[in-house]
Amino acid sequence: MVSIFPSYLAPLREALLGRAISRGLLELTVHDLRAWTHDVHQAVDDSPYGGGPGMVMRPQVWGDALDDVLAGPPARLVVPTPAGRPFTQALAREFSAEERLVFACGRYEGIDQRVLDDAARRVTVDEVSIGDYVLVGGEVAVLAIVEAVVRLLPGVLGNPRSAAEDSFSDGLLEGPAYTRPEVWRGLAVPDVLRSGNHALIDRWRRDRSLERTHRRRPDLLEALPADALDRADRAL
Ligand SMILES: NCc1ccc(-c2ccccc2)nc1
């Protein structure tokens, strides 16, 4: 990863991802973009051509940084930006199959477009958005993207089932989850979940997923392949 705030990416070394690193399941290197500046002010930005508010990150510095960081085994360059294509669970799976990913964290109004155009001559460049809102830089998006990707790597999650069955794997939202106690503040766990009847439990969970998806994300229902909903689903 390349950023002018390397410490922003420190959380990646905590907890589950930190353990995956110490277990050798993945390697993480964070580079300070300013290491590729040569002027005394270590300038990484400049005024935008065409005018307008804010500053743009200079091509020379990013170009030199990516020349070095992209050298070595083939990598895919991922650039978080509000103008990117949506980052989805499908794209997370695609990224998790890559040998190497390089993340460019932009700040200010973003990175001079020629940096991405030049990189695209050598590697695949993915400008991705993790949602329709503007952050102050790409670092927070990289934390989200890396977490979504790394949890899919074999051996990272204790229970591989959860990666296969998590939200979006069947294209639907996850339904409600419960644990002990049976009644808490006067609220009881749905009886079916304590019935031991797993066919009924699976049906109930599917119904709750369909209900929640219909209510919160009708767009996901529209996007389902025609054969994704069976007769019982449609009856809901
Ligand atoms: N899709 C979320 C997202 C990703 C990146 C940025 C961003 C903001 C400023 C500079 C560079 C990137 N904002 C929002």
Side-chain angles (χ1 to χ4, degrees), residues 1-14 17 28-37 39 41-70 75-96 98 100-120 123-152 166-168 171 173 216-217 219-220 223:
M1 290 151 200
V2 184
S3 165
I4 57 172
F5 293 115
S7 57
Y8 232 96
L9 298 166
L12 291 173
R13 299 189 191 284
E14 298 293 320
L17 299 197
L28 189 67
T29 312
V30 181
H31 302 276
D32 184 339
L33 178 68
R34 293 194 197 275
W36 283 275
T37 59
D39 61 308
H41 301 295
Q42 296 197 308
V44 293
D45 63 312
D46 199 344
S47 310
Y49 272 116
M55 303 290 272
V56 175
M57 300 192 94
R58 303 172 60 212
Q60 303 94 324
V61 183
W62 270 108
D64 291 349
L66 292 180
D67 284 352
D68 291 352
V69 176
L70 287 174
R76 194 159 173 174
L77 180 62
V78 182
V79 187
T81 164
R85 69 185 173 120
F87 178 68
T88 60
Q89 192 63 19
L91 193 50
R93 285 202 181 287
E94 209 179 300
F95 284 175
S96 68
E98 293 290 336
R100 197 154 80 100
L101 298 171
V102 172
F103 293 88
C105 299
R107 286 253 148 184
Y108 307 101
E109 298 311 306
I111 302 170
D112 185 300
Q113 188 60 39
R114 290 168 294 179
V115 173
L116 309 186
D117 297 346
D118 172 61
V123 299
T124 305
V125 178
D126 296 275
E127 293 183 64
V128 297
S129 163
I130 62 164
D132 293 336
Y133 42 84
V134 184
L135 300 167
V136 182
E139 288 80 3
V140 163
V142 167
L143 292 176
I145 292 165
V146 169
E147 183 166 309
V149 173
V150 169
R151 66 183 288 276
L152 297 174
D166 59 12
S167 265
F168 303 99
L173 300 182
R216 298 182 182 174
R217 291 292 305 278
D219 57 300
L220 291 179

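Ligands are counted one by one from 1 in listed order, and the atoms in each one are counted from 1 as well.
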Problem set entry | Option with minimal heavy-atom separation from atom 1 (N) of ligand 1, where the choices are I130, V128, V79 | I130
Exercise. Quick one: does ligand 1 sit under 4.0 Å from the side chain of R107, the backbone, both or neither, non-hydrogen atoms only?
Worked result: backbone
Seminar exercise, completed: The answer for which part of D132 has a heavy atom under 4.0 Å from ligand 1 is neither
Problem set entry | Results of side chain to side chain contact (heavy atoms under 4.5 Å, CB included) for D67 - residues two or more places apart only | D64, R122
For this session: Compute the shortest N/O to N/O distance between L135 and ligand 1 and return yes if it is under 3.5 Å, no if not.
Result: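 Yes - when backbone and side-chain N and O of L135 are compared with those of ligand 1, one distance drops under 3.5 Å.
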Exercise. Between P80 and ligand 1, does any nitrogen or oxygen pair lie at a separation below 3.5 Å?
Worked result: no
For this session: Mark up the atoms of ligand 1 that fall under 4.0 Å of a heavy atom belonging to G131, in ascending order.
Result: 1 (N), 2 (C)
For this session: Provide the number and element of each atom of ligand 1 under 4.0 Å from a heavy atom of S129.
Result: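 In order of number, 1 (N).
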For this session: Take every heavy atom of F87, measure it against each atom of ligand 1, and state whether any distance is under 4.0 Å.
Result: no
For this session: List the atom of A148, the atom of F87, and the distance in Å for their closest heavy-atom pair.
Result: CB-CE2, 3.8 Å
Taking everything shown except [X] itself, do over 12 heavy atoms lie less than 6.0 Å from its [atom1]?
X: D132; atom1: CG; answer: no
X: Q60; atom1: CD; answer: yes
X: Y133; atom1: OH; answer: yes

Exercise. How long is the span from the OH atom in Y108 to the CD1 atom in I4, to the nearest 0.5 Å?
Worked result: 4.0 Å
Problem set entry | With sequence neighbours excluded, residues passing salt bridge (Lys or Arg N to Asp or Glu O under 4.0 Å) with R114 | D112
For this session: Please report which non-hydrogen protein atom sits nearest to atom 6 (C) of ligand 1, along with the residue it belongs to and the distance in Å to one decimal place.
Result: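 Protein heavy atom with the smallest distance to atom 6 (C) of ligand 1: P82 CD, 3.4 Å.
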Exercise. Which residue owns the protein heavy atom closest to atom 10 (C) of ligand 1, what's the atom, and how far is it?
Worked result: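 Of the protein heavy atoms, Y108 O, 3.3 Å lies nearest.
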